[in-house]
Number of protein chains: 2
Amino acid sequence: MEFYNSTMRKNGLDDTDRQILTLMQGNARISNAEIARQVGKAPSAVLERIRKLEVNGVILGYETRINPKALGLGLTAFTYVHAEDAVGSTRSGRELAELPEVLEVHHTAGQDAYLIKVRVGDTEDLGKLLRKIGSIDSVRDTRTTIVLGSVKETIELAITNDTQD
Amino acid sequence: MEFYNSTMRKNGLDDTDRQILTLMQGNARISNAEIARQVGKAPSAVLERIRKLEVNGVILGYETRINPKALGLGLTAFTYVHAEDAVGSTRSGRELAELPEVLEVHHTAGQDAYLIKVRVGDTEDLGKLLRKIGSIDSVRDTRTTIVLGSVKETIELAITNDTQD
DNA sequence: GCTGAAAGTGCGTACTG
DNA sequence: CAGTACGCACTTTCAGC
């Protein structure tokens with residue numbers, strides 16, 4: 001059993017780290033100096049914390065969200081891919097991950113099933129992609145749900161100051 | 001029927017814009033000067049383009065990807081939420097979007113169904129969340145798929161130089 | 001739409017407490 | 001770990017093409 005004080009809790013993140021993460025989450029291009037002002041610390045101290053968050057794997061990366069429609073990718077879909085991998089293998093998953101239209105590949109608790117998120121131009125492109133996926137050896141069948149519209153789409157996580165561990 | 005030349009194609013994005021987007025997509029904190037060097041233009045010209053991409057809605061934002069486990073959010077799940085909204089309404093969708101554990105809310109082609117992506121700490125949290133969702137008036141039932149592991153998870157889109165429109 | 005110059009600001013290092 | 005100081009690099013604006 002470990003004990004934590006009010007500023008140093010789970011995973012070694014203290015309140016300042018959480019403030020930094022909250023600021024950067026919604027605006028990855030915020031300047032270091034601006035973060036420093038808002039958390040009330042020196043820029044050098046903030047920079048050191050950010051570097052540490054990066055090397056410790058807390059910050060995984062900085063991504064620019066591009067409007068898919070601007071690139072002609074107006075159709076989003078989710079597809080369950082039923083595969084026949086050897087036990088413990090994610091071979092099919094890795095093959096799926098190589099396709100640029102496939103943005104996410106999740107191994108699910110269903111029997112050897114992957115849930116993938118894809119973005120393509122139109123239903124014709126989707127058809128082509130599904131045929132390509134279907135032609136992968138270990139893939140048995142697929143079941144696709146087309147997205148009509150997205151009400152919310154973010155990677156921002158709730159950063160709480162829970163006293164709970 | 002419109003005509004485009006080799007550097008000005010769909011949506012008014014030329015090759016330089018696509019280079020900029022490609023560079024920023026994988027590293028939102030890249031400096032303006034570094035982009036300028038890589039695309040072979042003056043920093044001021046690059047800055048002007050970025051601003052234009054922002055106001056034109058091509059760039060939707062800059063996000064920091066945080067390791068969910070570092071925040072105690074080790075469980076990802078996808079849930080189909082079957083709702084009874086009035087025709088054309090996304091009332092349930094907007095209510096779902098307000099929950100911080102819910103990262104994505106997609107309206108699907110299924111009968112009044114939403115597909116949502118959620119991140120929580122553990123199965124107990126998931127249970128709580130599903131009860132909360134179930135208590136929304138217009139929500140009829142839910143069906144959840146738990147993610148065992150994610151092989152790929154990105155928002156990066158394929159930026160091609162297709163001659164095709 | 002791009003360049004280049006100029007002014008302001010921020011960054012990253014070194015060093016101190 | 002945090003703060004100060006400093007030189008260099010970067011950002012941003014603007015005039016001119």
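Labels below follow one simple rule: chain letters A, B, ... track the order of the sequence lines, proteins then strands, and each chain is numbered from 1. This one's a predicted model, so the numbers in the text were calculated from it and none came from an experiment.
Taking all atoms of both residues into account, the shortest heavy-atom contact from A:Glu104 to B:Phe78 is OE1-CZ, 4.1 Å.
Residue pairs that meet the side chain to side chain donor-acceptor pair (under 3.5 Å) test with at least one member in residues 36-50 of chain B, sequence neighbours left out, are B:Asp14-B:Arg49, B:Asp17-B:Arg49, B:Glu34-B:Arg37, B:Glu34-B:Gln38.
Taking atom CD on A:Glu48 and atom P on D:dA2, their separation rounds to 7 Å, with Å as the unit. The distance from atom CZ of B:Arg49 to atom P of C:dG1 is 7 Å, rounded to the nearest whole Å. Atom CD1 of B:Ile50 and atom P of C:dG1 are 15 Å apart (whole Å).
Salt-bridge annotation for B:Arg94 and B:Glu98: absent, with no side-chain N of the basic residue lying under 4.0 Å from a carboxylate O of the acidic one.
Of the possible polar contacts, none joining the B:Lys117 side chain to the B:Val105 backbone as a donor-acceptor pair under 3.5 Å is found.
More than 12 non-hydrogen atoms from other residues, nucleotides or ligands lie less than 6.0 angstrom from CG of B:Asp141.
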Where protein sits on nucleotides 11-17 of chain D, one letter per nucleotide: B base, S sugar-phosphate only, - none, heavy atoms under 4.0 Å
SBB----
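For the pair B:Lys41 and C:dG1, the criterion of a side-chain N or O lying under 4.0 Å from OP1 or OP2 is not met.
The side chain of A:Ala42 lies closest to D:dG3 when the candidates are D:dC1, C:dT3, D:dG3.
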Under 3.5 Å, which donor-acceptor pairs link side chains of residues 142-149 of chain B to any protein atom two or more places apart or in another chain?
| unit_1 | atom_1 | unit_2 | atom_2 | d |
| --- | --- | --- | --- | --- |
| B:Thr144 | OG1 | B:Thr79 | OG1 | 2.9 |
| B:Thr145 | OG1 | A:Tyr80 | OH | 2.7 |

